[in-house]
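For this chain, numbers begin at 1 and follow the sequence in order. In each ligand, atom 1 is the first atom listed, and ligand 1 is the first ligand listed.
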Amino acid sequence: MSENNPFEIAQRQLDECARILKLDDSVREVLRVPMREMHMSIPVRMDNGKLRVFQGFRVQYNNARGPMKGGIRFHPDETIDTVRALSAWMTWKTSIVDIPLGGAKGGVICNPKEMSVGELERLSRAYIQSVSEIVGPEKDVPAPDVYTTGQIMAWMMDEFSKIYQKNQFGLITGKPLELGGSAGRGDATARGGCYTIREAAKNLGINLKGATVAIQGFGNAGSFAASLATSLLGCKIIAVSDSKGGILNKAGLDVEAVIKHKEKTGSVVNFPKSESISNEKLLELDVVLLIPSALEGVITDKNASNIKAKIMCELANGPTTPEADDILYKNGVHVIPDFLANAGGVTVSYFEMVQNFYMYYWDEALVHERLDKKMTSAYNATLNASKKYNVNMRKAAYVVAVGRVVEAMRLRGRI
Ligand code: NAD
């Protein structure tokens, strides 16, 4: 495996945590690999009448703490090692927010942008048929991820309900509201991240009113983060970006106007009353808060020493390499690590499962209140471990999350 292989990185992070927790080697060996993985060939009838075979995966990493949970990606560059790494991170993510679930992930190698709606529907139904024996409300609960949508979740839920001859809303989360989706799921990832930023600022004695913010990525996570950092925390967003480039206004950007501009033109670039800035320079701005919300691997040993933010909240998965982590810690940048910072999405997905089980739905205010409780206590557990073990926040989050999984495995007699 190469050094940039995400599964290799996930295993290196676990090894470091095992060292801190002084885990027995045999326990570490169990935790380093998925419990089970399924590889399938999925034939789908295309619109031209021909069959095409797609490769799909479902990786079930660990279910010691409860049914497994994790999204399904439809992506042309999907690889089994990406899915393995993401399934491991899901295990630590559900554990850090202390919800009674394990971790899994799925994917299909395909390009949804080149497929018709009918082809996508047939692929979605065929995927869930092929995993139907290993998923389900009490086994493993999928969700949307890269290039999969609420509509795709609805088709999968419908197909699974047909197989089992009863409604199975609890099979999958991220469903449309009309089919058992939860209020508050749309902005849950960014909102959860904002709650952790609020706690970090309290801990560091930073006043967030008017504090400057730069955000890389302006999709689901990044654009909601811009709105909520303004409305919930009173921050001033001075720079945002997307794949086409970035914009900067030191006096503060009008976030709602940027969102409208992006809807109209497809990008944040060329927003009036702003100057352009590259994605690389955006990361190095002199701001209080930096929120990477786009890609993995953007903060490395090459640029980590140029990061000036006091708090970095990783809404993206894997934006920082292990080498960069050490530099940031040495320079006093307070990092809220990805599987803690972006756990709001899976937390509200868990709320969706709960509501599906008892068939009674919460209003948005209740979802927000319960999400806040989960994120606040996850942040504080991580901060306490960071002080206790004298390690950075990522290692601390690992210590808490892996520690809980190990304890569940021990109590079940698995280790
Ligand atoms: P998205 O597709 O909605 O948005 C991604 C954004 O990143 C877009 O604005 C895109 O233009 C931008 N981008 C792409 N390439 C870029 C580049 N080279 N430089 C700068 N920007 C670039 O995706 P999302 O759902 O917002 O997810 C973003 C990150 O957050 C991912 O790492 C994802 O795994 C993570 N995440 C998202 C959620 C969620 O609920 N949406 C939950 C957990 C983690």
Side-chain angles (χ1 to χ4, degrees), residues 6 9-10 69-75 77-78 82-83 85-87 89-90 92-94 96-97 103 105 107 112-113 142-150 153 173-174 181-182 184-194 196 214-228 239-247 255 258-259 261-263 265-269 271 276-284 290-300 303 312-320 336-352 371 375:
I9 290 178
K69 184 96 192 75
I72 300 169
R73 295 183 160 198
F74 282 2
H75 199 279
D77 303 327
E78 195 59 272
T82 313
V83 181
L86 289 162
S87 70
W89 289 327
M90 282 307 298
W92 318 137
K93 194 185 293 197
T94 53
I96 195 73
V97 280
K105 205 80 181 188
K113 290 184 178 167
D145 203 283
V146 177
Y147 293 163
T148 51
T149 59
M153 300 305 108
T173 59
S182 176
R185 178 63 185 87
D187 68 8
T189 300
R191 183 174 291 271
C194 283
T196 64
I215 302 177
Q216 185 184 59
F218 208 67
N220 179 292
S223 64
F224 278 124
S227 293
L228 291 169
V240 299
S241 69
D242 58 30
S243 57
K244 303 212 172 81
I247 54 171
V255 172
V258 177
I259 291 173
H261 177 79
K262 169 137 193 170
E263 275 165 12
T265 67
S267 171
V268 298
V269 300
F271 179 69
S276 59
I277 182 169
S278 69
N279 262 296
E280 294 72 33
K281 285 278 168 247
L282 176 142
L283 295 172
E284 299 176 7
L290 176 63
I291 311 183
S293 311
L295 299 179
E296 59 280 359
V298 290
I299 297 156
T300 66
N303 62 355
M312 184 169 99
C313 177
E314 296 178 338
L315 289 187
N317 277 314
T320 310
I336 309 175
D338 49 8
F339 73 83
L340 164 62
N342 66 32
V346 75
T347 303
V348 175
S349 274
Y350 158 64
F351 295 162
E352 182 176 333
L371 174 63
M375 297 304 299

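Ligand 1 has no atom lying under 4.0 Å from any heavy atom of Gly345. Heavy-atom distances between Lys262 and ligand 1 reach below 4.0 Å in at least one pair.
Using a 4.5 Å heavy-atom cutoff, the side chains of Lys105 and Asp145 are in contact. Counting heavy atoms from C-beta on, the side chains of Thr94 and Tyr350 never come closer than 4.5 Å.
With respect to atom 44 (C) of ligand 1, the closest heavy atom belonging to the protein is Asn342 ND2, 3.4 Å. Protein heavy atom nearest atom 4 (O) of ligand 1, with residue, atom name and distance: Gly219 CA, 3.2 Å.
For atom 3 (O) of ligand 1, the candidate residues are Asn220, Leu282, Val268; the nearest heavy-atom contact is made by Asn220. Looking at Ser278, Ser243, Gly186, Pro319, it is Ser243 that brings a heavy atom closest to atom 12 (C) of ligand 1.
Inclusion of Ser241 in the set of residues having an N or O under 3.5 Å from an N or O of ligand 1 is not warranted. Taking distance alone, with nitrogen or oxygen atoms compared against 3.5 Å, Ala221 approaches ligand 1 more closely than that limit. Between Gly217 and ligand 1, no N or O atom pair is found at a separation short of 3.5 Å.
Note: Phe218 CZ to Asp242 CG = 8.5 Å, rounded to the nearest 0.5 Å. Note that OG of Ser241 is 7.5 Å distant from CG of Leu283, once rounded to the nearest 0.5 Å.
Heavy-atom proximity to Leu315, at under 4.0 Å, picks out these atoms of ligand 1: 30 (O), 35 (C), 36 (N), 44 (C). Of all atoms in ligand 1, listed by their number and element, those nearer than 4.0 Å to a heavy atom of Asn317 are 32 (O), 34 (O), 35 (C), 44 (C). Close approach of ligand 1 to Leu295 (heavy-atom distance below 4.0 Å) involves ligand atoms 15 (N), 16 (C), 17 (C), 18 (N). Short contacts between ligand 1 and Asn279, defined as distances under 4.0 Å to a heavy atom of the residue, involve ligand atoms 19 (N), 20 (C). Numbered from 1 in the order shown, with element, the atoms of ligand 1 that lie under 4.0 Å from a heavy atom of Asp242 read 9 (O), 11 (O), 20 (C), 21 (N), 22 (C).
The side-chain contact (heavy atoms from CB on, under 4.5 Å) test applied to Pro292 returns Leu290, Ile299, Met312, Pro319, not counting sequence neighbours. In this structure Ser293 satisfies the side-chain contact (heavy atoms from CB on, under 4.5 Å) test together with Ile215, Ala221, Ile291, Leu315, sequence neighbours excluded.
No side-chain donor-acceptor contact under 3.5 Å links Asn317 and Glu296.
When non-hydrogen atoms are compared, ligand 1 lies under 4.0 Å from the backbone of Ser293 (N, CA, C, O) but not from its side chain.
A side chain to side chain contact (heavy atoms under 4.5 Å, CB included) with Thr173 is found for one member of Met153, Arg185, Glu352 and no other, namely Glu352.
Residue Lys262 qualifies as enclosed at atom NZ: its count of foreign heavy atoms under 6.0 Å is above 12.
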